[in-house]
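The figures that follow rest on heavy atoms only: side chains count, while hydrogens, waters and symmetry mates do not.
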Amino acid sequence: MEEELRCAQCSGFYHVPVLLACRHAMCLACARELQKPAIVPPRNEEEGVAPPAEDHETSEVDKLSVLSDADSGVSCSSRPTSLVGAPEVGGNNEPLPPPPIYTIACPQCGAATPTDEAGAQGLTRYRVLAAVVDKHLERYQVAEPCQLCEGSGAPRPAQVFCDQCLVFYCGPCRDSCHPDRGPLAAHWLVNVAEGRALLRARRREREGRCGHHPQEHVSMYCLTCRLPVCVLCLHHGRHHAHDVHALNAVTKTHKVSEASGEGEQGRWQVEGLVNSHLTCLKTTPVLDTFLMAQTELSQALQQLSEKARAATEFIHTLKTLSDEVHGNCREVEGVIVAQVDALVEALQARRTDLINWVRRQRDTKVHALREQVQDYTHTLQSTTATIHFCIEALKESDPASFMEAQEVLEERVCTMTRDWEQTMVPEPRIPPVFNLTLDDKTLLTAIQQLTFIQLKRPVVTQPKTDGSAPGTPSMIPLECSAENNSVTIAWAPHPTSCVTGYTLEIDDGSNGPFREVYTGEETVCTIDGLHFNSIYRARVRAFNNTGNSSFCEPLCLQTAEVAWFTLESNHLDHTISENGFTISCDSYEHRVALGSVGFSRGIHYWEFNIEKYDGNADIAFGLSRIDICKEMILGKCGGSWSMYIDNERSWLMHSGEHFNRSAGGVRTGDTVGLLLNLPEKTLGFYVNGDLQGYLSLTGVNGVLYPAVSLNRSVILTVRTGLKPPKHYLGVPPEVEA
């Protein structure tokens, strides 16, 4: 809770906190530092001076301060005439508030709070916050800083408090600035805790008195003005005709209405307390509204408490999930180790099989070589024996015997020579070289691509592949289309390729570089949020575990020249027709609705037809970012630009600043046109074909959405898909655009 008790400006605990118009708190000293003179532009542009009081016009900051009853912290029974039109002659309209003298910018949201000549001193004191800060400081014994320490360093903790000087002193500052001698010796010095108690008591005594009658204590509460008052204010002041009750009774009823009973018993206790206090109060419409508001606050607090409790339980669940994460991690690690070990075992088994096969090949070769050696040895021995026999025959001395054997010996030698040439080849029958090369590339690639399966899908039959990259997919032009600022692209895979997924790329619509917009298994993709009136090129390629295919030839698709859109809002106060073109509102507060399409390029034009308007509301037309606050009038926050108009005049507004007031309002049946020219960075507003004003969008980038804010008694119908009128663009009608 400590962050709620620190000022956003000085980062210290709140000291004399005050409330700003935006409902944020700030230290009074910080508010004085941020206080600046209000800048009120002249209302009469020709003379440069403000018009007289009877003109019933308000300044720009006044216009901001009365947009909602909640902005100033004061409930108003009727809306100011600056919003509902000029006062009627002879009416009982109250005079308009004077223009502000100072403004204070909130450091949290930047909203400006207008003040009168009192400046920051006139802001409402946030007494509840001050009391909570005091309790927090006491409960956690937070040191009180010395109020007289000087220098760049932080002030030293205070040790004593002087009841006469109303100052907290540290030890050195007390010795130098508040010695125990002279006139200061009679001062009463107490410790820090007692000093805080004395200050709190004096503050309660001072704040418990009436601001208009300082001698009286506040004891009553005005339900009409929602202010504590004294008895004199009730009988002689401006509250004598208001719904006023005892302050204690109203406070108890307020607190009981915010209490949350546990179970049936708690509910009966709360109802009993409420009934007992209601007997002291007179039943009035204002009181009924007050109690209903407290009941709604109680219900809102209960819903918020339930969300906080659910968030606490969820955070506790997140903290306990760390053990589950560690357990799941260990489980996955075990599975990975087991799977990798199984792969290693399978690889080792395969290695053994391959080595055994090689060894069998070795034995076969060795056996074949041995057989060849035996055959060659036997033949060699036979040949050697024949050679020796023939040599001995040649040594025979008997010519007759030699001649008888000569023919036989020659035939035998010739036959052996022929057999030698045929069988005795000088080459091994089996080569000794092992022509074996282990193909490990596929396995290495598979190991390198070994990863987790993120998405489990049913197994489908894939075309056979030879391990190569897939073929190039082809576009299907008949199934590709462009609608508004979105395109749909369809393609077909290569008929004989194994495809894991596809990558789709498009350019920027100006023939620029391609960028990836989709990766997945689908063969159709719709891309939204593109520029209007632009030609986009799209191309696609396929990929698998082996690699990527080449991109197909780019396909060109053109988005719509003009934009059409519908109105969208999830607010319960809005009622939108089924076609999305007609909108109404059931709330007295402004509610913003956006268009379904955003713009970032081109020229666009759309119109609003006013179906119903009673002249007592401001309708705001314009542009906005998608993330603006939709609970206030369009143009009040920094992400929106608007023209708001009533039945007599209009203003332009951005970031809560009003400017360019123009005469001329709207009535039932009128048409308001908006021309967005992004090349020239302008937004023009036209009422029944006449220019009412225009905004400069210089320096504004990103996507902007058509927007409108309205409240009760207003019904609008939007017309889109329109071409801008030629004379709106500064082109004569006879010249073609």
Item to complete: Please test H590 against E631 for side-chain hydrogen bond (donor to acceptor under 3.5 Å, both in side chains), starting from the C-alpha separation and ending with a verdict.
Response: CA-CA 6 Å; H590 284 86; E631 304 291 335; over 6 Å; no

Discussion item. Between H574 and R591, is there a side-chain donor-acceptor contact under 3.5 Å, judged purely by atom types and distance?
Written reply: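 Short answer, no.
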
Worksheet item: Atom CG in L697, atom CG in L623: separation rounded to 0.5 Å?
Response: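 Spacing of CG (L697) from CG (L623) equals 6.5 Å.
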
Worksheet entry | Shortest non-hydrogen separation from S640 to I628 and the atoms involved |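 That closest heavy-atom pairing would be CB-CD1, 4.2 Å.
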
Practice prompt. Of all the heavy-atom pairs spanning V229 and Y221, show the shortest one and how long it is.
Written response: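 Of all heavy-atom pairs spanning V229 and Y221, the closest is CG2-N, 4.5 Å.
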
Polar side-chain atom of [X] near backbone of [Y] as donor-acceptor pair, under 3.5 Å:
{"X": "S587", "Y": "D573", "value": "no"}
{"X": "E568", "Y": "L594", "value": "no"}
{"X": "Q164", "Y": "W188", "value": "yes"}
{"X": "S655", "Y": "E657", "value": "no"}

Item to complete: Kindly determine whether Y169 and H178 satisfy ring-ring contact (aromatic ring centres under 6.0 Å, His included), including the steps that lead there.
Response: CA-CA 8 Å; Y169 297 95; H178 200 287; 5.2 Å; yes

Discussion item. Would you say that more than 12 heavy atoms from the other residues, nucleotides or ligands in this model lie under 6.0 Å from the NE2 of H15, or not?
Written reply: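 Incorrect, the count does not exceed 12.
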
Discussion item. Using ring centroids (six-membered ring only for Trp), state whether H658 and W651 fall under 6.0 Å.
Written reply: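 No, they do not, as the ring centres are separated by 6.0 Å or more.
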
Worksheet item: Can the ring centres of F13 and H136 be said to be less than 6.0 Å apart?
Response: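 Yes: the rings meet the under 6.0 Å criterion.
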
